[in-house]
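Step one of this worksheet: look at the structure below.
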2 protein chains.
Amino acid sequence: MRGEGVAMQGKDRGRGSGSLVSRVGESLRQAILSGQYAAGDKLPSEHELTETHSVSRTVVREAVAALRSDGLVEVRQGAGIFVISPDPALSGRKVDKARVASDLEVLEIRTPVEIEAAGLAALRRSPAQEEAIFECHRKILHCIETDQSIREADLELHVAIAEATNNPLFKHFLESQGSAIIPQSRLVPETRTAEQTAYRKLIHREHEAIIVAISDRDDQAARNAMREHLVGSQARYRNLLKDLRSFTS
Amino acid sequence: MRGEGVAMQGKDRGRGSGSLVSRVGESLRQAILSGQYAAGDKLPSEHELTETHSVSRTVVREAVAALRSDGLVEVRQGAGIFVISPDPALSGRKVDKARVASDLEVLEIRTPVEIEAAGLAALRRSPAQEEAIFECHRKILHCIETDQSIREADLELHVAIAEATNNPLFKHFLESQGSAIIPQSRLVPETRTAEQTAYRKLIHREHEAIIVAISDRDDQAARNAMREHLVGSQARYRNLLKDLRSFTS
DNA sequence: TCATCACACATGTATGACAAATTCTCGGAT
DNA sequence: ATCCGAGAATTTGTCATACATGTGTGATGA
C-alpha cells in the first residue's frame, strides 16, 4: 500500500486534494461542521480513521493536529478524540461556570465579523456570488418545506456571504469556528415541529432581509439586517439555555 | 534517543507544555509572530527543527501541520516551509493582483474584531487585566525612547486587550493572523529615525486613547478609539504601498 | 458489595525507509 | 564565457513498526 497518493496530477485544487492530510482533514472538518459528530462526541480512533481513509497513521495524526489547532477537537491520550464541547453537561464538569457561555463566546466574536462581512459583500459581490447566495437561500426554504434540518444549509449561506466579500479570510474564519456556529442544533430535540417550523421561518425572513440588502448593494442595510439576525440568534440561544436549566437543575 | 519526552510531569500548563507537539508548535508560532521570521522567509528544514528541538520528525510535522492549518505557513514539497507571504514581490508573482491586498485583507477582518474587543474589554476588564494593558503601553513607550522596534510590544498590547474581553476566542483570533498583524514592519527599512519616531509617537497616542477609554469602562469611546487607530493603520499602510510602487515600478 | 489489579485499547513519540518535488551543481556544448 | 541539461543533494510526503504512556474496563478476590 505504498504509493497510495500517486495519481491526481491535474490541479484539483479547491477541496482537500493537494495532499492526503488535506483530504482527510477536510473530510473530518466537514463531518464535524455538518453535525455528523455532535459536540462531545468521540471520533473514531486513529486506527479506525487509518482504515476508513486508507492512509497511514501519520496522515491521520497530522489532520487531527490541524483540527486541534483550530479548536475543533480535543485529544486525550488514552481516551480518544472528542469534538469540542463547550457544554459542561456533556464534557466532565470540571470547568464549572467559566466555560458555560462558550457557544455565546463564538457568537460574540462572530457577530462583528459577520456584520462586516455582510457590509463588504453588499459592496463587492459578483453576480455569480449573488446567485450563489440566493441559491443557498432557496435551499434553506426547501429544507423547511420538507421538514429537514436547516443546519448545513444555514452554514452554507453564511459561508456564501463571507465568500462574497472577496476576502478569503472571512470564509476561513467561519470554517474555523466549528460546530458552535449553529449552536441550537445540538440542543433542540427534533420534536415540536409546529413551533420548530415557525422558528425556522423566522430565520428565513431574517436571512431574506440580509440577502435583499446585499443584492441592492446597500451595505448599511446589510449590516443592520445581519446584526439583527445575530442578535436574534443570541436571544434565542439564551432562551434555550434558560429552558434547559429549568429542566435539568 | 527513545525516551526523550519522559520528564516534565508537573502540569506546566500555560504555555506549550502538555505535549511535545504543543511545545514545538508554540515555539514556532512565537518565532513567527515575534518577527524572528518575516513573511516569505523559509523556516529551518524539518530535519533541522528535529535537532534544535530534540524531537522526532513526527512531532515537528504535527506542529507544522497546525501552523499550516492556521494559515501561518505554507509548505512546499521539495522546497521547504515558508512563512505566509501576502506580498507578491516576495513569493513568485503568479497571483498578480488578486493577492496584492492581503495585508489589507488581514486589517479588514481585524478591524471589526478588534473594535468589538476594545468595547468588550472596557466592559469586562479585571483590574489585573487593566494593569497588564498599561504595562504593555509603558513597554511600547520604552521601545520608542530607546529607539527599538515596537512590533512585538504593539502586538502584545493588542493581545492584552483581546485577553481583557475574557473571551478566549479573541486572543486566539489575533494569534492566528500571523505576521501580517503589524504589517508595516516588513516594509519599512530601519532608516529615517526622525520620521519614524514621529510615526511611533502617533501610534502611541492612538493607543493611549483606547487604553484610557478601557480604563474608564467607556465602551463606546473604546470602540471609537480603536476604530480610529485601525483606520489610521490602514491609511498609513496604503501610503507605504504607494511609496513602494513609485520606487519599484 | 467493593476495592484492586491486569489487560486491552488509545494516544504520544521515535525511527527508518522510500516516494516525489525542488534546488543545486557541475560538466559539456555552443 | 554563457547557456543548458543531467544527475546529485536536499526537502517534504507517506508508510510501517515499535515502544511509551495514559484511560477505561472487567475479572478477581476479600
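Below, each value reflects all heavy atoms present in this structure, side chains not excepted, and no hydrogens, waters or symmetry copies. In what follows, chains are A, B, ... by sequence order, proteins preceding strands, each numbered from 1.
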| Test salt bridge (Lys or Arg N to Asp or Glu O under 4.0 Å) applied to R68(A) - qualifying residues, sequence neighbours left out | none
| message | For R124(A), is there an ion pair with E105(B) - N to carboxylate O distance below 4.0 angstrom? | response | no
| message | My understanding is that only residues two or more places apart in sequence, or in another chain, count here; which of them pass side-chain hydrogen bond (donor to acceptor under 3.5 Å, both in side chains) with Q234(A)? | response | none
| remark: Expected list for residues 42-51 of chain B near DNA chain D, using heavy atoms below 4.0 Å, is S45(B), E46(B)
| query | Looking at residues at least two apart in the chain, or sitting in another chain, which of them share a side-chain contact (heavy atoms from CB on, under 4.5 Å) with Q148(A)? | reply | H142(A), C143(A), T146(A)
| request: Round to the nearest Å and state the distance from F82(B) atom CZ to dT22(C) atom P. | output: 11 Å
| Below 4.0 Å: OP1/OP2 of dA14(C) and any side-chain N or O of S56(B) | yes
Distances under 3.5 Å between protein N/O atoms and the N/O atoms of nucleotides 23-25 of chain D, please, pair by pair.
from, atom 1, to, atom 2, distance (Å)
dT23(D), O4', G78(A), O, 3.3

| DNA chain D contacts made by residues 61-68 of chain A, counting heavy atoms under 4.0 Å | none
| task | Would you please name every residue forming a side-chain hydrogen bond (donor to acceptor under 3.5 Å, both in side chains) with T165(A), sequence neighbours left out? | result | none
| remark: Sequence neighbours excluded, the answer for side-chain contact (heavy atoms from CB on, under 4.5 Å) partners of A160(A) is I133(A), C136(A)
| message | My understanding is that only residues two or more places apart in sequence, or in another chain, count here; which of them pass side-chain hydrogen bond (donor to acceptor under 3.5 Å, both in side chains) with Q36(A)? | response | none
| request: With sequence neighbours left out, write down each residue that passes side-chain contact (heavy atoms from CB on, under 4.5 Å) with S27(A), or none if nothing qualifies. | output: H53(A)
| task | Quick one: list whatever passes salt bridge (Lys or Arg N to Asp or Glu O under 4.0 Å) with R125(A), sequence neighbours left out. | result | E130(A)
| said: For K42(A), give me all partners under side-chain hydrogen bond (donor to acceptor under 3.5 Å, both in side chains), at least two apart in sequence or on another chain. | reply: none
| message | Using only modelled atom types and a 3.5 angstrom limit, is any donor from either the side chain of R57(B) or the base of dG13(D) paired with an acceptor on the other? | response | yes
